[in-house]
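Values reported hereafter were calculated over all heavy atoms of this structure, with side chains retained and with hydrogens, waters and symmetry mates removed. Computed from a prediction, not measured in an experiment: that's the story for all the values here. Naming convention: chains lettered A, B, ... in sequence-line order (proteins, then strands); numbering from 1 in each chain.
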Amino acid sequence: MQQNYTPKELESAAQQHWEKRQAFKAGETSDKPKYYCLSMFPYPSGKLHMGHVRNYTIGDVLARYHRMKGFNVMQPMGWDAFGLPAENAAMANNVPPAAWTYANIDYMRKQLQSLGLAVDWSREVTTCTPEYYRWEQWLFTRLFEKGLIYKKTSTVNWDPVDHTVLANEQVIDGRGWRSGALVEKREIPMYFFRITQYADELLTDLDQLGGWPEQVKTMQRNWIGKSYGCDIEFPYDTTSIGKTGTLKVYTTRPDTLMGATYVAVAAEHPLATQAAADNEKLAEFIAECKRGGTAEADMATMEKKGLHTGLFVTHPLTGDKLPVWVANYVLMGYGEGAVMAVPAHDERDFEFAQKYKLTIRQSIAVKDQTFSDSAWQEWYGDKEHGFCVNSGKYDGLAFQQAFDAIAGDLAAKNLGEKKVQFRLRDWGISRQRYWGCPIPIIHCATCGDVPVPDDQLPVVLPENVTITGAGSPLAKMPEFYECACPKCGGKAKRETDTMDTFVESSWYYARYASPDCKTGLVDERARYWLPVDQYIGGIEHAILHLLYARFFNKLMRDVGVFGDKAKESGKFNEPFTNLLTQGMVIAPTFYRELEGGKKQWINPADVDVETDAKGRPLGAKLRADGKEVIIGGTEKMSKSKNNGVDPQAIIDQYGADTARVFMMFASPPEQSLEWSDSGVEGGFRFLKRVWKAAQEHLEQGALAAYSGGELSTAAKALRLQLHQTIQKIDDDYGRRKTFNTAIAAIMELLNALAKFDEQTPAARAVAQEVLEAMTLLISPIAPHISQAIWSELRPGSDLLDQAFPRVDAAALVQDEIELVIQVNGKLRGNLRVAKDTDKATLEQLALTHEAVQKLLAGGTAKKVIVVPGRLINVVI
RNA sequence: GCCGGGAUGGCGGAAUUGGUAGACGCGCUGGACUCAAAAUCCAGUAUCUGCGAGGAUGUGGGGGUUCGAGUCCCCCUCCCGGCACCA
């Protein structure tokens with residue numbers, strides 16, 4: 001065996017070997033149970049970043065571990081290739097989005113391959129290819145025909161200078177990122193997926209997802225937000241409004257209806273428009289409401305403003321006249337675009353009523369609490385302990401009683417009814433962008449919206465275009481949009497909007513099962529591989545991506561993509577059986593202040609940090625000029641803060657195994673991870689020590705691993721530790737998915753092996769056993785070095801064919817154990833006893849222990865607590 | 001603002017079911033090897049106090065439950081993720 005660890009040669013040899021063996025090509029004919037291991041596919045942004053390395057190493061560890069545990073493993077990879085950054089790059093560098101994207105994919109594929117992932121590359125999927133998106137378009141037409149897709153208007157961010165729709169990300173402080181113009185809200189027609197039709201199923205099926213983190217399920221439950229409430233209609237006050245009609249609102253608190261003192265409508269509401277016609281001040285206010293972006297975070301944090309319309313509606317039960325206000329916090333797209341206000345029992349209404357001196361009328365009381373309209377108190381909104389007051393015949397009723405009574409009376413008057421509602425809104429998927437999947441609809445003046453027939457799919461996105469950032473490119477291309485109506489053959493216009501890129505990522509996991517299928521979205525191979533057994537990706541996708549993917553799985557099931565009996569089988573209700581959400585990778589930031597307060601961000605790789613004797617940072621200097629830079633916070637790696645670390649440098653210098661070991665060792669997958677170069681060297685050092693241990697052992701030649709016979713105490717202890725480690729790591733990989741603790745345990749085992757220097761044949765057999773097991777245990781994390789060491793430990797055999805090490809129960813037997821002695825819960829001493837010592841003896845041993853005697857000082861113990869196998873606590 | 005997380009030595013983290021806080025690694029200090037350096041190896045390393053044995057304190061802050069709390073409960077601070085057109 002070669003003396004030094006040379007990752008470069010050994011890694012490329014291992015990768016060539018795997019390639020030659022087609023080791024990770026997955027088939028559907030195995031007699032082993034299948035294990036579909038999926039990591040969220042990357043957006044091809046240009047280069048791999050540390051978050052990718054982390055994500056894909058986690059997936060690879062799980063894939064390789066399950067292979068050793070006897071599963072037929074499939075781990076695919078692909079590209080989430082449509083999206084905004086390609087258009088931005090096109091504008092910045094004058095490259096067509098397609099060319100930019102494909103070049104990035106080629107580079108990043110090489111990077112991923114150099115990491116040595118056990119990926120079946122024959123299943124690679126790229127979402128921006130017609131072969132992929134044609135099935136997305138096919139599914140769209142089916143859903144359109146089933147009425148699961150419909151058209152309505154929706155609000156977007158409009159840049160009045162560039163005449164273009166902006167993403168929320170492109171709106172900075174209310175202005176367009178390129179033009180600097182004040183952004184406006186604009187209503188435009190869009191296609192929507194009727195996800196609300198599946199809201200109940202999406203909610204209840206969360207209970208079946210035992211392999212999902214509780215926090216993700218909680219977030220999805222809250223997002224779906226099922227509520228039980230009432231639609232209530234407020235009849236128009238005909239004197240002020242000038243016609244009859246009703247204003248409909250939805251509320252979850254009909255029990256507080258007697259405390260309603262005004263109603264508020266959105267700026268776009270018909271009543272607001274009517275009132276503004278002869279009211280300049282109101283028209284101005286409505287215009288003001290329309291300024292700014294559409295992001296919910298902005299809506300929720302902005303100052304609440306309103307204006308009286310001069311119109312009134314009547315209270316459905318009391319007949320009182322209630323003023324109609326326009327308020328900036330009421331949004332047209334949500335619910336009815338109108339709300340009833342109960343300032344006494346809703347915090348937002350309370351704040352608003354105080355500001356505009358509107359009536360606050362208490363209608364709920366809680367025992368022993370006094371109401372005051374000068375300051376909001378938590379109990380005002382209490383549904384559990386409240387009862388009605390100042391509510392006439394409803395006085396004294398508790399929440400549910402009042403809810404039922406008021407809903408009943410409203411129903412009798414035909415002015416309201418109980419209603420279950422969801423916070424979840426239908427999913428608007430139209431984007432006025434170029435680099436996305438074309439929506440397969442043709443607009444015909446006589447036939448209306450006609451889906452593109454199957455034989456005309458795919459609607460291919462033209463790839464040679466110039467992106468200007470002003471308006472939608474496709475809308476300026478007659479050669480794209482001019483077409484004939486598939487129904488009547490008349491002149492028609494093709495839809496020029498593209499789909500939200502979340503659509504591609506909602507079904508790619510299914511396509512991996514049959515990536516080359518030309519007859520459908522998937523074929524029968526999907527019924528073998530789905531659902532995904534393990535899904536791994538960033539926590540930032542907890543809601544949107546994961547909810548949409550769950551929704552799409554149900555859509556595909558109901559359209560029959562998984563066969564006629566997909567629904568009855570129950571197998572295809574959910575796409576991802578187990579979910580692991582990884583934390584972000586963060587890094588320190590460095591900067592210099594430029595003139596005008598602008599910051600120039602400097603990459604950590606170009607900075608030398610000085611530390612004091614204890615390693616605390618004192619200052620940092622730019623290597624290029626030796627001058628000071630300012631140390632900023634430690635933040636998520638990003639282009640804007642220039643604190644991204646390119647994994648390629650680490651792979652080039654230390655090898656993929658070191659990069660993988662460091663990544664896995666640095667923190668458990670779910671936590672955020674701070675980057676540090678010194679940690680990388682630690683990983684490298686560890687692998688060198690592993691190599692050295694094997695190399696030194698093999699100088700005397702390989703031999704059969706220990707299988708029985710007399711051993712010294714030290715050899716027995718080493719075997720005990722080995723088998724404890726196997727047990728622990730099996731649990732770490734399989735159940736806990738904490739790879740940092742697995743590596744730590746292997747390091748401890750290596751330390752123990754290094755100290756073990758017996759040279760008898762039996763001892764060498766134990767060392768062989770330890771080395772073989774250690775190589776297998778570390779192999780999911782560091783597969784290349786393990787491949788090389790294994791071929792030396794067991795010439796003629798391949799690590800890829802080995803099973804995970806088995807625990808030898810006999811090695812785990814211990815005669816003596818160590819117990820801790822506490823006095824009042826504080827550690828005072830240790831005790832070594834035979835394993836089966838009874839409780840009474842243990843109590844006696846503790847009480848007579850020197851340290852306990854000293855503290856007892858002749859007195860008696862109040863109580864002795866014995867925790868078997870752990871400790872004895874003497875209470876005095 | 002709302003929803004979901006997080007906070008443990010100089011640093012990353014460990015402590016899996018309420019039972020020895022700081023495993024493992026980084027960094028640092030001292031030593032060995034070397035003409036020297038790198039690499040490697042050995043020893044030490046939470047804080048305060050003490051010559052030492054030891055003692056006291058200690059898991060973001062405040063309170064509580066318990067024989068015993070990093071872990072459970074209540075309140076607070078700060079940080080991170082998401083908020084429907086970044087992916």
Quiz item: Which whole number of Å gives the distance between the C1' atom of G63(B) and that of C11(B)?
Solution: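 Those two atoms are separated by 32 Å.
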Practice problem: Could you work out the separation of C86(B) and U77(B) based on their C1' atoms and round it to a whole Å? | Solution: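 To the nearest whole Å, 31 Å.
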Please table the atom pairs, donor to acceptor, closer than 3.5 Å between any side-chain atom in residues 49-56 of chain A and protein atoms at least two apart or in another chain.
| residue | atom | partner | partner atom | Å |
| --- | --- | --- | --- | --- |
| His49(A) | ND1 | Gly51(A) | N | 3.0 |
| His52(A) | ND1 | His49(A) | N | 3.0 |
| Arg54(A) | NH1 | Gly583(A) | O | 2.9 |
| Arg54(A) | NH1 | Gln671(A) | O | 2.9 |
| Arg54(A) | NH2 | Ser667(A) | OG | 2.9 |
| Arg54(A) | NH2 | Pro668(A) | O | 3.0 |
| Arg54(A) | NH2 | Pro669(A) | O | 3.4 |
| Arg54(A) | NH2 | Gln671(A) | O | 2.7 |
| Asn55(A) | ND2 | Ile536(A) | O | 3.3 |
| Tyr56(A) | OH | Met40(A) | O | 2.7 |

Quiz item: Which residues pass the side chain to side chain donor-acceptor pair (under 3.5 Å) test with Glu184(A), sequence neighbours left out?
Solution: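 Scan of Glu184(A) (side chain to side chain donor-acceptor pair (under 3.5 Å), adjacent residues dropped) gives none.
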Quiz item: Which residues satisfy the side chain to side chain donor-acceptor pair (under 3.5 Å) test with Thr126(A), sequence neighbours excluded?
Solution: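 None.
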Practice problem: Indicate, yes or no, whether a donor-acceptor pair under 3.5 Å links the base of C26(B) to the side chain of Glu681(A). | Solution: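 No, the side chain and the base share no sub-3.5 Å donor-acceptor pair.
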Quiz item: Where does RNA chain B form stems of at least three consecutive Watson-Crick or G-U wobble pairs, each pair having both distances below 3.5 Å?
Solution: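 RNA chain B stems, ordered by first number: B:1-7 with B:77-83, B:10-12 with B:24-26, B:27-32 with B:40-45, B:46-49 with B:54-57, B:60-64 with B:72-76.
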Quiz item: Nucleotide by nucleotide, 5' to 3', does protein get under 4.0 Å of the base (B), only the sugar-phosphate (S), or neither (-) in nucleotides 2-7 of chain B, counting heavy atoms?
Solution: -SSS--
Self-check item: Annotated protein contacts, base or backbone, on nucleotides 15-25 of chain B with a non-hydrogen cut-off under 4.0 Å, one of B, S, - each
Solution: SB--BB--BBS
Could you check which of [options] has an atom nearest any side-chain atom of [X]?
{"X": "Ala297(A)", "options": "C86(B), G1(B), G81(B)", "result": "G1(B)"}
{"X": "Lys688(A)", "options": "C85(B), A39(B), G13(B)", "result": "A39(B)"}
{"X": "Val875(A)", "options": "C85(B), C67(B), A87(B)", "result": "C67(B)"}

Test ring pair (Phe, Tyr, Trp, His ring centres under 6.0 Å) applied to [X] - qualifying residues, sequence neighbours left out:
{"X": "Phe193(A)", "value": "Trp427(A), Phe552(A)"}
{"X": "Phe686(A)", "value": "none"}
{"X": "Tyr509(A)", "value": "Phe576(A)"}
{"X": "Trp435(A)", "value": "Phe82(A)"}

Quiz item: Taking 4.0 angstrom as the limit, do Glu351(A) and Arg348(A) come out as a salt bridge?
Solution: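 The answer is no: the pair does not qualify as a salt bridge.
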Practice problem: Considering only NZ, NE, NH1 and NH2 on the basic side and carboxylate oxygens on the acidic side, decide whether Glu303(A) and Lys355(A) come within less than 4.0 Å. | Solution: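 Yes, this pair counts.
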Distances under 3.5 Å between nitrogen or oxygen atoms of protein and nucleotides 55-58 of chain B:
| residue | atom | partner | partner atom | Å |
| --- | --- | --- | --- | --- |
| U57(B) | OP2 | Lys826(A) | NZ | 3.1 |

Exercise. For G82(B), decide between syn and anti, treating a glycosidic angle within 90° of 0 as syn.
Key: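 Nucleotide G82(B) adopts anti.
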Quiz item: Would you find more than 12 non-hydrogen atoms of other residues, nucleotides or ligands less than 6.0 Å from Arg870(A) atom CZ?
Solution: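 Not buried by this count: 12 neighbours or fewer within 6.0 Å.
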Quiz item: Going by the salt bridge (charged side-chain N to carboxylate O under 4.0 Å, His left out) test, which pairs reach into residues 818-833 of chain A, not counting sequence neighbours?
Solution: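 Non-adjacent pairs meeting salt bridge (charged side-chain N to carboxylate O under 4.0 Å, His left out): Glu816(A)-Arg832(A), Glu818(A)-Arg832(A).
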